[in-house]
Novice: 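Structure in structure tokens, see below.
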Amino acid sequence: MNKLSGNKITPNEAVYILIGIMLDLNIVSIANALVPIAKQTSWISALLGGVYPLYVGILAVFVSRKYPKDNILTLSKNIFGNIIGNILNFLFLISLMIYFCAGLSEVTIISRTYVVPFLSSLKIYVSILLLAAYTASKGLKTVSRICFFNFIGLITLIIISLGILRNGSLLNVSPVFGVSLKKIIAASRDSAYDYALMETVFLIYPLIEDSKKIKTIVLKSTAFIVIVYTWITFISIYYLGIDIIPKTIWAFVEVSRDIEIKNITNLRYLVLFILLFISIKSMSILYYLSLLILDNIKKIKNKPIVIFLIGILVIYVCKNYFKTLHDRNEILEYAIPVITIYNLSYVSVISLVSLLKKDDIVGKKQKK
Amino acid sequence: MKRYLIIITILLTYMFYLYGNTRVPIEEVDIIVGFGYDVMDKSNGQIQYSVPFNSYIFKPNEEKLSVTKTGRGKNLTEAEQDRDSKVERKYISGLEMVYVISEKYAKMGIKDLIDERFRNTEANDMAYVVVCKGNSEDIFSFQELGYISTSDYIYGLMKNIDGYNFFSQNYKLIDVFVRMDSKGRQVLLPYIEISKNGLNLTGLALFNKDKMVKKIDIKEARILNLLREDNVKGVLSIRKDNKKYIDFYAKSKNRKVKCYKENGKYKFDINLTLTGEIISNTLYEDILSSKDVKEKFEKDMKQQVENMCNEFINKMQYQYKIDCLELGRYGAAEFGRLKNVDWNEIVSNSEIKVNVKVMVESEGRGDY
């Protein structure tokens, strides 16, 4: 293995990170979120949902061209001044933290259901956060390496799911245009949670070696994620049918059950192993990014203590507000629209202002 | 020093994680291989549930035995509680091979049992589900020579079901999950009973949603399977008398169903292609050398199969009145699945046409 050196990441690593940040455990439940509205055409909704990361990514391309060295946190401080800028950045951090807690609680619920029912949630929180904190403390380069392995795991997952093609039927997916366009678009709005956090590209672009390649990075990662989500939604409907998916909680885990591969007695455990890995990776990235934002708001002197405090905070929130599936879904139902609107407007306003008033900001910076 | 510290930390963590879990050596564990579900009438007119299980017991002298334990109660869970009080050793489920449901239980509806299995993450979705005559407890206590348990025997029976009678392999628990509540689909399960010559398959149990409606014998089951399943194998024969007959080992391929509407009435076309070889022939002379004879046989066979199919479809439409061919699925795929329609009724009142194509691919090594 190559030694990890330097702070900057290569364009390929950036692609893996962006895929990693958008793709969380929600791949197993994306069909459950979309099918009640868009029925058998849900996969088209999943496809259309890709507009959201694409829009954010394109904004990032323009902004990174003008200010290749400043991330969105610095830009917001330069535009709105130190206090308001910091408040906006802090709100952005809170949105990340909500995704953090939601992801951690989901992986805990899944593993307590399928793998380790005898462990208490607290033990699972601690073990996952320990791994994530260790990875995050090692820097972006290590995180990107984890994302690469996660990418390989994802490809394995998709290859495994190809095996179900023999057992399902196209009849479950047809008629393809049996649902009105209005419902398809309504469902694609619901996929916002799955496509969220593309905004973080604004945080990492100054750390990419070749910042001119940001366009390909954005396009590659968005295309990949759209293909994965569309495929997973499609294959879940293809195998289970739209009447059965609402009965499950994590449709894709059930899909992987009927595949027979020689020498593997229970494929579900392999799938769950990959899923756990995917989740730990998401936790690591979010941990790293929250450190990054905190560092920007106020210079961190003692890193271990801050990491520890973040961990304690996340465990506290998860234990009290995200303990069960019902709590989690109830909070997310209210939080996701607010977060999505806030994040979108935060990113759009800062990009637009900085693009239009370019000389001002540079001027301000030089004065400092 | 650092290395020892790490090892000690890992050991302590491991102990912390397993604290509070009692573990039993594998020799002291029973493995459940089959679950049974019965209902009985009590003298006071109430119904009693009875849930036997069939499990392996490992003796110290490497001897393997199987026992059946039963619990009784007012509902499924109460019966399970009662059963648990009779079990003296720890047991594990998840390796079960069969679920045996008694005919009476099936006629009362299997929704409760399917829901219980669907929730249980340890349930083996790949186990076969069969319906039996009488009580499943009697089936489990019936010892077939050379087998440790009856469950093994039933499992073998189901595994090799697809050789000669056009049966498919879709009788697993996961197939019941996928079919039971889907629009336009029906559950179909093998029916076994104890006869003079042992335990054997005697037909198919037809279900309407979660309730068993009717048992059909193996002759009818053959035609039903031929009409319903794709890629199945079986023997079709034309008999003049005991000495003059021809047997054709057919594989059904490319089964196609077309659904269309004419004058507001649904119409279904089932196209079957049967290819295969002649396995015995004392009826047609010169079938090997003369092309005309071969074509005559193909025509006769086509006629016979179509007659059989039409006879069955008539019976299905006027007597059973359920859509056991899953034609509603094709209708739903063609005309949309949002409407609240009863496909059993539609299929019973629509016109169903069967087109069969017979092709002899080989005649074996000669015509004696």
Side-chain angles (χ1 to χ4, degrees), chain A residues 35 38-41 110-120 122-124 126-127 130-131 164 166-180 183 236-251 253-260 265-269 272, chain B residues 6 9-10 13-23 94-95 111 114-115 118-127 168-170 172-185 209 229-231 255-257 259 326-340 343:
Chain A
V35 162
K39 306 286 172 189
Q40 70 271 14
T41 46
I110 287 193
S111 45
R112 264 171 66 80
T113 313
Y114 284 106
V115 200
V116 281
F118 51 85
L119 287 186
S120 66
L122 186 67
K123 283 176 180 172
I124 302 174
V126 171
S127 54
L130 271 179
L131 284 171
I164 207 71
R166 206 163 50 90
N167 302 43
S169 165
L170 268 180
L171 291 172
N172 288 338
V173 194
S174 36
V176 177
F177 294 107
V179 181
S180 65
K183 279 189 174 166
S236 306
I237 304 169
Y238 179 84
Y239 180 63
L240 289 173
I242 56 165
D243 296 318
I244 307 301
I245 286 179
K247 291 182 197 291
T248 62
I249 303 175
W250 302 286
V253 182
E254 304 308 321
V255 172
S256 60
R257 195 62 180 89
D258 202 6
I259 305 165
E260 282 178 62
T265 36
N266 198 340
L267 196 71
R268 189 192 273 172
Y269 283 102
L272 283 169
Chain B
I6 290 171
T9 326
I10 289 172
T13 330
Y14 181 71
M15 280 160 69
F16 166 71
Y17 270 82
L18 293 183
Y19 179 73
N21 299 306
T22 47
R23 312 213 135 200
L95 290 167
K111 184 123 189 165
I114 293 298
D115 181 63
F118 192 68
R119 268 170 209 283
N120 192 337
T121 46
E122 279 176 6
N124 184 7
D125 299 348
M126 302 306 273
S168 69
Q169 280 287 339
N170 298 334
K172 304 191 186 85
L173 185 62
I174 195 155
D175 296 307
V176 181
F177 289 159
V178 169
R179 279 171 181 72
M180 209 171 84
D181 267 1
S182 282
K183 276 202 190 85
R185 303 196 79 175
K209 292 286 161 219
E229 315 282 354
D230 197 9
N231 285 325
R255 170 181 175 270
K256 284 208 175 75
V257 177
C259 173
E326 293 193 340
L327 294 175
R329 207 181 168 203
Y330 294 88
E334 188 71 40
F335 296 109
R337 45 188 84 233
L338 297 169
K339 282 171 271 170
N340 222 347
W343 284 105

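Every chain is numbered from 1 and lettered A, B, ... according to where its sequence line falls, protein lines coming before strand lines.
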Novice: Is A:V126 in contact with chain B via its backbone, its side chain, both, or neither, using a 4.5 Å heavy-atom distance?
Specialist: both

Novice: Name the region of A:F177, side chain, backbone, both or neither, that has any atom closer than 4.5 Å to a heavy atom of chain B.
Specialist: neither

Novice: Considering only heavy atoms, which portion of B:N124 lies under 4.5 Å from any heavy atom of chain A: side chain, backbone, both, or neither?
Specialist: both

Novice: As a quick check of understanding, evaluate salt bridge (charged side-chain N to carboxylate O under 4.0 Å, His left out) for B:R255 and B:E229, giving each step before the final call.
Specialist: CA-CA 8 Å; B:R255 170 181 175 270; B:E229 315 282 354; over 6 Å; no

Novice: Which residue out of B:R179, B:E334, B:R329, B:M180 racks up the most heavy-atom pairs below 4.5 Å with chain A?
Specialist: B:R329

Novice: Using heavy-atom distances under 4.5 Å, tell me whether B:F118 contacts chain A through its side chain, its backbone, both, or neither.
Specialist: side chain

Novice: When you look at B:V178 and B:R185, which way does the side chain to side chain contact (heavy atoms under 4.5 Å, CB included) test go after all the steps?
Specialist: CA-CA 9 Å; B:V178 169; B:R185 303 196 79 175; 3.5 Å; yes

Novice: With a 4.5 angstrom heavy-atom cut-off, which part of A:N172 approaches chain B: side chain, backbone, both or neither?
Specialist: both

Novice: Can you see which heavy atom on A:P175 is nearest to which on B:A332, and at what distance?
Specialist: CD-O, 3.4 Å

Novice: May I ask you to say whether A:R268 pairs ionically with A:E254, meaning some side-chain N is under 4.0 Å from a carboxylate O?
Specialist: yes

Novice: When you check the gap from the basic side-chain N to the acidic O, do A:K247 and B:D181 get nearer than 4.0 Å?
Specialist: yes

Novice: Name the region of A:S120, side chain, backbone, both or neither, that has any atom closer than 4.5 Å to a heavy atom of chain B.
Specialist: neither

Novice: Between A:L171 and chain B, which part of the residue has a heavy atom less than 4.5 Å away: side chain, backbone, both or neither?
Specialist: both

Novice: Is any NZ, NE, NH1 or NH2 atom of the basic residue among B:R119 and B:D115 found under 4.0 Å from an Asp or Glu carboxylate oxygen of the other?
Specialist: yes

